[in-house]
K.L.:
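Mind having a look at this structure? Questions to follow.
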Amino acid sequence: MNADEQPSSEQVTFSHRMAAQVRLIEQYRLQQFFATGRMPGRDEAAAEWIARFAADFPQSFNS
């Protein structure tokens with residue numbers, strides 16, 4: 001895509017979906033810290049969140 005092109009609706013939806021997952025992973029990190037005193041790193045938290053919750057994240061995400 002060059003500077004003159006607009007992103008497709010699929011690209012926008014994908015971007016919003018990824019941003020929502022990043023927010024949820026950051027929330028998970030904080031929840032782990034407050035619940036256990038352990039602050040997992042971003043990669044560790046992402047792996048844990050994916051293993052525990054990704055299957056329940058809506059496949060057709062609407063921003």
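Worth knowing before you read on, the calculation uses all heavy atoms, side chains too, and leaves out hydrogens, waters and symmetry mates.
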K.L.:
Using only atom types and a distance under 3.5 Å, with no angle test, would you say the side chain of T13 pairs donor to acceptor with the backbone of S9?
P.N.:
yes
K.L.:
Can you name the residues that form a side-chain hydrogen bond (donor to acceptor under 3.5 Å, both in side chains) with R38, not counting sequence neighbours?
P.N.:
Q32, E44, E48
K.L.:
By side chain to side chain contact (heavy atoms under 4.5 Å, CB included), which residues pair with F53, not counting sequence neighbours?
P.N.:
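Once residues adjacent in sequence are excluded, the partners of F53 under the side chain to side chain contact (heavy atoms under 4.5 Å, CB included) criterion are Y28, W49.
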K.L.:
Per the salt bridge (charged side-chain N to carboxylate O under 4.0 Å, His left out) rule, what does the pair list look like for residues 25-34, sequence neighbours excluded?
P.N.:
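Listed by first then second residue: E26-R29, E26-R42.
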K.L.:
If you link ILVMFWY side chains whenever their heavy atoms are less than 4.5 Å apart, which other residues fall into the same cluster as L30? By chain and number, please.
P.N.:
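Its cluster partners, ordered by chain and number, are F33, F34, M39.
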K.L.:
Could I get the full list of side chain to side chain contact (heavy atoms under 4.5 Å, CB included) partners for I50, not counting sequence neighbours?
P.N.:
A54
K.L.:
Does F14 reach the side chain of E10, with side-chain heavy atoms less than 4.5 Å apart?
P.N.:
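No, their side chains stay 4.5 Å or more apart.
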